[in-house]
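Have a look at the structure below before the remarks.
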Amino acid sequence: MRLAIVMILLLAASSAADAATLRVPADYATIQSALDASAMGDTVLVGPGTYTSFTTTVGQANVVALMPDGVVIVGELGAAQTTIDLSLAGGLPGGAAAFSCGGHVSGATIIDGFRVVGYPPNSVGVSIGSSAKVTILNCVFEVEDVPDVSVLRRGIGSRESDVRVSNCSFIRCSGNSGAAIRDNSGSFVVESCTFIECENQAISAYGDLGAGPWFLEVRNCLFDRTFSDLGGGAIQASDRPNGIIVEGCEFRGVEAASNGAALALSGFGEWQVVNNLFVDINMKTGRNVLDLTGGRPLLVAGNTFAYCQQSAGTGVAISTFQSLWTLENNIFAHIYGGAALDVHFGPAAGCNVFWDTPEGVGYNLR
């Protein structure tokens with residue numbers, strides 16, 4: 001046993017010794033040239049400046065950084081001083097991406113400290129496909145005001161991958177769904193991120209037909225004036241067999257033209273909506289703050305709903321058809337235009353507060 005441990009430590013030390021740091025632009029003129037010279041375990045350190053050099057590859061469109069598996073790329077002075085400008089791709093055929101990761105299996109790929117701007121139509125900040133644990137940290141995805149928010153200018157797009165996003169900002173991202181983040185059949189964690197004026201649906205996460213090990217966790221995020229002409233002005237998610245957790249988030253001024261101004265969740269899997277703040281939500285055309293169609297068992301606990309209103313209807317705060325769910329320790333205050341709840345099966349309830357809800361609770365909680 002002791003010999004085996006020694007061999008493992010020697011191999012780890014050898015791997016660390018072999019890892020290299022490649023510097024842009026000191027050693028390599030472009031980000032891609034440094035990545036082409038890198039290997040798994042290496043770090044590409046990008047100096048301050050604005051980077052616009054594209055590589056056009058089959059199936060990848062125009063990419064600034066086609067990432068090798070297991071390489072760490074870091075903006076040396078962070079997103080405030082390390083910018084990738086996609087605007088020059090506007091005249092090139094095909095779409096554009098700042099970073100692209102495909103088929104990564106190491107679980108060690110990291111993108112840290114970049115600001116992506118200048119989005120042309122049909123572009124994305126980070127594109128990820130069929131990859132294991134790609135981590136995106138401390139990045140900013142910022143789109144200028146555009147007249148057509150249905151045009152794709154997305155922060156992160158992922159398919160069949162395991163992704164973690166932390167401490168990132170998404171500003172005015174747009175698209176037909178999943179403006180900031182769109183995930184298809186993956187395992188996705190979003191934590192400590194900010195979403196500002198993103199349309200349509202800041203986050204869209206869904207699964208293909210059939211069961212898979214997919215889940216969605218959104219924790220400690222701010223959604224500010226995000227909108228959807230579909231359901232789920234902030235988050236739309238469906239068919240996550242391993243669960244959906246929305247915890248510790250703040251939703252301000254979010255809106256949807258359909259149901260679920262903040263959240264529209266559907267399909268199967270265990271759901272938890274806990275310790276969130278939903279405030280200043282005016283549903284001009286939608287019907288409710290939370291539209292929960294699925295999720296067994298479902299837990300809605302520790303949330304505050306304040307100054308939420310609609311023109312007419314029921315279930316201003318919550319609408320659900322679920323028969324197995326728990327509603328406890330929530331505060332409903334200043335709920336106007338309809339009853340606070342629209343439920344067809346009573347929840348297991350405890351210690352909820354309803355204050356200044358002129359149209360009532362909507363269900364006899366016992």
### Task
Start with the C-alpha gap between E250 and D224, add the side-chain angles, then the distance that decides, and say whether side-chain contact (heavy atoms from CB on, under 4.5 Å) holds.
CA-CA 8 Å; E250 184 174 335; D224 184 4; over 6 Å; no
#### Entry: From I84, V116, I181, residue fulfilling side-chain contact (heavy atoms from CB on, under 4.5 Å) relative to F141
V116
### Residue among L66, N62, I128 satisfying side-chain contact (heavy atoms from CB on, under 4.5 Å) with S100
L66
Are the side chain of [X] and the backbone N or O of [Y] linked by a donor-acceptor pair below 3.5 Å?
X	Y	value
S187	P213	yes
S131	G129	yes
D291	G231	no
S161	S130	yes
R240	Y206	yes
S238	G267	no
N220	C249	no
N303	A301	yes

Which pair of non-hydrogen atoms, one from [X] and one from [Y], has the smallest distance, and what is that distance?
X	Y	value
C139	G113	SG-N, 3.7 Å
A20	D42	N-OD1, 2.8 Å
C198	A180	SG-CB, 4.1 Å
L292	L298	CD1-CD2, 3.8 Å
T226	A234	OG1-CA, 3.6 Å
A257	F227	N-CE1, 4.2 Å

Heavy-atom side-chain contact between [X] and [Y] under 4.5 Å:
X	Y	value
L327	L341	yes
V246	N276	yes
F170	V143	no
I31	S53	no
F354	I335	no
L152	V124	no
T320	W271	no
L22	D27	no

Honestly curious: do [X] and [Y] fall in one hydrophobic cluster under the side-chain, below-4.5 Å linking rule?
X	Y	result
Y363	V300	yes
M67	V74	no
I235	L277	no
I281	L222	no

Roughly how far, to the nearest 0.5 Å, is the [atom2] atom of [Y] from the [atom1] atom of [X]?
X	Y	atom1	atom2	answer
I171	I196	CD1	CD1	5.0 Å
S177	I203	OG	CD1	12.5 Å
I331	C351	CD1	SG	11.5 Å
L290	I318	CG	CD1	5.0 Å
D112	T135	CG	OG1	10.0 Å
D69	M40	CG	CE	4.0 Å

### Query
Under the side-chain contact (heavy atoms from CB on, under 4.5 Å) criterion, do I245 and F215 qualify, and how do the steps go?
CA-CA 8 Å; I245 298 175; F215 63 85; over 6 Å; no
#### Entry: Geometric class of the F99/F114 ring pair [parallel <30°, tilted 30-60°, perpendicular >60°]
perpendicular
### Query
Got a sec, which residues hit ring pair (Phe, Tyr, Trp, His ring centres under 6.0 Å) with F305, two or more places apart in sequence or on another chain?
F278, F332
Going by the salt bridge (charged side-chain N to carboxylate O under 4.0 Å, His left out) test, which pairs reach into [range], not counting sequence neighbours?
range	value
residues 121-147	R115-E142, E142-R172, D145-R172
residues 185-194	R164-E191
residues 317-339	none

### Task
Start with the C-alpha gap between T83 and D85, add the side-chain angles, then the distance that decides, and say whether side-chain hydrogen bond (donor to acceptor under 3.5 Å, both in side chains) holds.
CA-CA 6 Å; T83 300; D85 187 347; over 6 Å; no
### Query
Can you list the steps and then say if L137 with S166 is a side-chain contact (heavy atoms from CB on, under 4.5 Å)?
CA-CA 5 Å; L137 307 171; S166 181; 3.7 Å; yes
### Query
Can you tell me if S204 and Q236 form a side-chain donor-acceptor pair at under 3.5 Å?
yes
### Message
Using the side-chain hydrogen bond (donor to acceptor under 3.5 Å, both in side chains) criterion, which residues pair with N282? Sequence neighbours excluded.
### Response
none
### Task
Under the side-chain hydrogen bond (donor to acceptor under 3.5 Å, both in side chains) rule, collect the residues that match up with N275, sequence neighbours excluded.
none
### Sole residue of E199, E255, E197 in salt bridge (Lys or Arg N to Asp or Glu O under 4.0 Å) with R225
E197
